[in-house]
Amino acid sequence: MTAKPIGIAVLGLGNVGSEVVRILTENAEDLAARVGAPLEIRGIAVRRVDGKRGVDAALLTDDPESLVNRDDVDIVVEVLGGIDVPRKLILAALEKGKSVVTANKALLAEYTGELNEAAEKSRADLYFEAAVAGAIPVVRPLMQSLAGDRVTKVAGIVNGTTNFILSAMDETGADYAETLVEAGRLGYAEADPTADVEGYDAASKAAILASIAFHTRVTAGDVYREGISNITSADLETARSLDCTIKLLAICERITTPKGKERISARVYPALVPRDHPLATVNGAFNAVVVEAEAAGRLMFYGQGAGGSPTASAVLGDLVMAARNKFYGGRGPLESKYAKLEIAPMGDISTRYYVSMEVADKPGVLATVAAEFSKRDVSISTVRQSGSGDGARLVVVTHLAADSALSETVSALDKLDVVTSVASVLRLEGT
Ligand code: NAP
């Protein structure tokens, strides 16, 4: 091939970066044919340069800034992680008109505006398919395939660690703490699992998905978030008795107020999901995203949401697109943010709830509890009573109710003499 090579800087040689470099090297000929020009790695930035990396040692550098600024670098692949360092490097690349491919959801969910504006200014590409749900193509379908449709909802399981933990708790009956240890031992949970188990990672992905789906800038701070660390084996047991399981869901939804005003909701929380819902069958470290659009109807995307090789597949897809644009001229779609929809507060969102309480074992308890729901217009769908004496328990499942009404109800229940404790409150989705 005689075409001038396209220069690539790879920032990071960890789980994802090493797979990106492997595929770029092993599939060089095919990739060149697909792009029209060879893709040549100009350098690979790491923290520590040492010889035992399985790549040409001459490519390694601990100076990512100089690598990004090299004249023979046309596209920068950022797979470092973190926020401040990659932000600076990506902005430097975009300002010089170099296209950027990144897998960094945390950075995008916080600085999407700044990064997209820099890309727009220099007419460079900023691609990030790998930032949401690893190998699963969901960013490009939303941005391009559904560009002519009206997306109403995007809901999914976008964090493999929490899905692994909840699936294992469901299967084995083990509690949260011991399942988290097992997830760490098997490599599904990091040494500090906070970002995953407290829902921060899923919230970043929800922000990215909502921004694209609803043509509105949404940041991680706009996303309502609850993690899974309070889920107990008793919750999963009750879920099973209701023919449900529990999943950490990221939900992005278009909402119309009674006065006809459009708003959006972006939220992450563990929810009961009926066993016959497609998301209930997504187990282990797998991810799935369900998209609902007015003309297309319901679409489901399923696959490996993390891991070096699956994530590298998404990075390479973006890289080929960016390289084709460099070779033939032109660029990918700009950020679409024209709708500027307001974010609805969580209190205004209606869902169904499951409330589990330890209660006194005496007559009249049910009527006292039911009265608190009714006072706030929270209509009850089912009530189950189990145990006796100190172990008496009441599980209430509601019809659709506003989150604010439910929160008030739970505070009131907590104060009742007949309620020893409100053991857990979970939302029910997909019913
Ligand atoms: P990782 O295994 O921790 O690798 C990070 C790499 O970046 C390492 O090679 C490290 O160098 C290098 N690095 C970090 N800071 C640096 C700095 N300041 N200067 C130079 N090099 C630096 O991370 P990863 O799992 O590959 O993840 C990378 C990115 O992909 C993250 O944004 C992550 O959120 C995203 N992502 C990952 C997955 C996944 O399954 N792993 C899935 C989707 C998205 P050393 O090798 O010298 O330490």
Side-chain angles (χ1 to χ4, degrees), residues 9-23 41 43-55 57 59-69 76-90 92-93 100-112 115 126-139 156-164 183 186-196 200-205 207-209 220 250 284-287 289 303-319:
V10 181
L11 312 183
L13 190 64
N15 295 315
V16 182
S18 54
E19 283 299 300
V20 168
V21 170
R22 181 187 65 76
I23 298 171
I41 301 176
I44 303 168
V46 289
R47 253 184 307 235
R48 287 165 295 98
V49 176
D50 57 45
K52 294 163 252 124
R53 299 276 196 155
V55 298
L59 290 174
L60 294 174
T61 173
D62 58 4
D63 182 359
E65 211 172 319
S66 301
L67 174 59
V68 164
N69 285 314
V76 172
V77 174
E78 186 274 309
V79 280
L80 296 168
I83 303 250
D84 294 340
V85 173
R87 174 177 166 230
K88 239 174 82 188
L89 294 168
I90 290 177
V100 171
V101 174
T102 176
N104 195 330
K105 55 243 160 181
L107 174 66
L108 283 161
E110 202 159 336
Y111 291 102
T112 176
L115 300 175
L126 172 63
Y127 286 139
F128 47 87
E129 182 64 70
V132 183
I136 307 172
V138 62
V139 169
I157 294 166
V158 293
N159 181 272
T161 305
T162 47
N163 203 47
F164 175 86
L186 294 172
Y188 290 115
E190 293 188 19
D192 177 1
T194 312
D196 292 317
Y200 291 100
D201 174 81
S204 293
K205 292 165 180 167
I208 296 170
L209 290 172
F286 277 78
N287 281 192
V289 179
Q304 297 190 63
S309 176
T311 308
S313 162
V315 169
L316 262 296
D318 281 351
L319 182 53

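Ligands are counted one by one from 1 in listed order, and the atoms in each one are counted from 1 as well.
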Quiz item: Nearest protein heavy-atom contact for atom 28 (C) of ligand 1: which residue, which atom, what distance?
Solution: Val79 O, 3.3 Å

Practice problem: Note the single closest protein heavy atom to atom 7 (O) of ligand 1, along with its residue, its atom name and the distance in Å. | Solution: Gly12 CA, 3.4 Å

Exercise. Can you pull out the closest protein heavy atom to atom 40 (O) of ligand 1? Residue, atom name and distance to 0.1 Å, please.
Key: Gly307 N, 2.6 Å

Exercise. Ignoring hydrogens and angles, tell me if any N or O in the side chain of Asn163 forms a donor-acceptor pair with the backbone of Gly284 under 3.5 Å.
Key: yes

Exercise. Would you kindly specify which portion of Ala131 sits under 4.0 Å from ligand 1, judged on non-hydrogen atoms: side chain, backbone, both or neither?
Key: neither

Quiz prompt | Separation between CD1 of Ile23 and CG of Leu316, rounded to the nearest 0.5 Å | solution = 5.0 Å

Quiz prompt | Part of Gln304 with heavy atoms under 4.0 Å of ligand 1, whether side chain, backbone, both or neither | solution = neither

Quiz item: Going from OG1 on Thr102 to CG on Leu126, what distance comes out if it is rounded to the nearest 0.5 angstrom?
Solution: 7.5 Å

Quiz item: From Leu319 CG over to Glu129 CD, what is the distance, rounded to the nearest 0.5 angstrom?
Solution: 13.5 Å

Exercise. Nearest heavy atom to atom 25 (O) of ligand 1 wins, so pick from Thr61, Asn15, Val49, Leu13.
Key: Asn15

Quiz item: Within the structure, does at least one protein heavy atom fall under 4.0 Å of atom 3 (O) of ligand 1?
Solution: no

Self-check item: Pair Arg48 + Asp50: basic N to acidic O under 4.0 Å
Solution: yes

Quiz item: Should the heavy atoms of other residues, nucleotides or ligands under 6.0 Å from CZ of Phe164 be counted, would the total exceed 12?
Solution: yes

Quiz item: Which atoms of ligand 1 are found less than 4.0 Å from any heavy atom of Ala306?
Solution: 40 (O)

Quiz item: In the protein, what heavy atom is nearest to atom 35 (C) of ligand 1, and what distance, to one decimal place, separates them?
Solution: Ala103 O, 3.4 Å

Self-check item: Closest candidate by heavy atom, reference atom 15 (N) of ligand 1, pool Glu78, Arg47, Lys88
Solution: Arg47

Quiz item: Between the main-chain N or O of Phe128 and the side-chain N or O of Asp318, is there a donor-acceptor pair closer than 3.5 Å?
Solution: yes

Practice problem: Examine the proximity of ligand 1 to Asn104 and report which part, side chain or backbone, both or neither, has a heavy atom under 4.0 Å away. | Solution: both

Practice problem: With atom 12 (C) of ligand 1 as the reference point, say which of Val315, Thr311, Leu107, Leu80 has the nearest heavy atom. | Solution: Leu80

Self-check item: Atoms in ligand 1 with a heavy atom of Lys105 nearer than 4.0 Å
Solution: 34 (O), 36 (N), 43 (C), 44 (C)

Quiz prompt | From Val76, Asp84, Leu80, Leu67, residue fulfilling side-chain contact (heavy atoms from CB on, under 4.5 Å) relative to Leu89 | solution = Leu80

Self-check item: Which residue and heavy atom of the protein sit nearest atom 18 (N) of ligand 1, plus the separation
Solution: Val85 CG1, 3.8 Å

Exercise. Would you mind checking which non-hydrogen protein atom is closest to atom 46 (O) of ligand 1, with the distance to 0.1 Å?
Key: Arg53 NH1, 2.9 Å

Self-check item: Interatomic distance, Glu190 atom CD to Asp196 atom CG [nearest 0.5 angstrom]
Solution: 6.0 Å

Quiz item: So, Asn104 side chain and Ala131 main chain: donor-acceptor pair closer than 3.5 Å or not?
Solution: no

Quiz prompt | Per-atom contacts of ligand 1 with Ala130, taking only distances under 4.0 Å to non-hydrogen atoms | solution = 43 (C), 44 (C)

Self-check item: Nearest-option assignment for atom 41 (N) of ligand 1, heavy atoms, candidates Val16, Val20, Leu89, Thr102
Solution: Val16

Practice problem: Could you tell me the residue and atom name of the protein heavy atom closest to atom 32 (O) of ligand 1, and the distance to it rounded to 0.1 Å? | Solution: Gly81 CA, 3.3 Å

Quiz item: Does the side chain to side chain donor-acceptor pair (under 3.5 Å) test come out yes or no for Thr61 and Asp63, once each step is laid out?
Solution: CA-CA 5 Å; Thr61 173; Asp63 182 359; 5.4 Å; no

Practice problem: Start with the C-alpha distance between Val16 and Val315, add both sets of side-chain angles, then the distance that settles side chain to side chain contact (heavy atoms under 4.5 Å, CB included), and finish with yes or no. | Solution: CA-CA 9 Å; Val16 182; Val315 169; 4.2 Å; yes

Exercise. Tell me which one of Ala285, Gly14, Gly134, Gly160 gets a heavy atom nearest to atom 8 (C) of ligand 1.
Key: Gly14

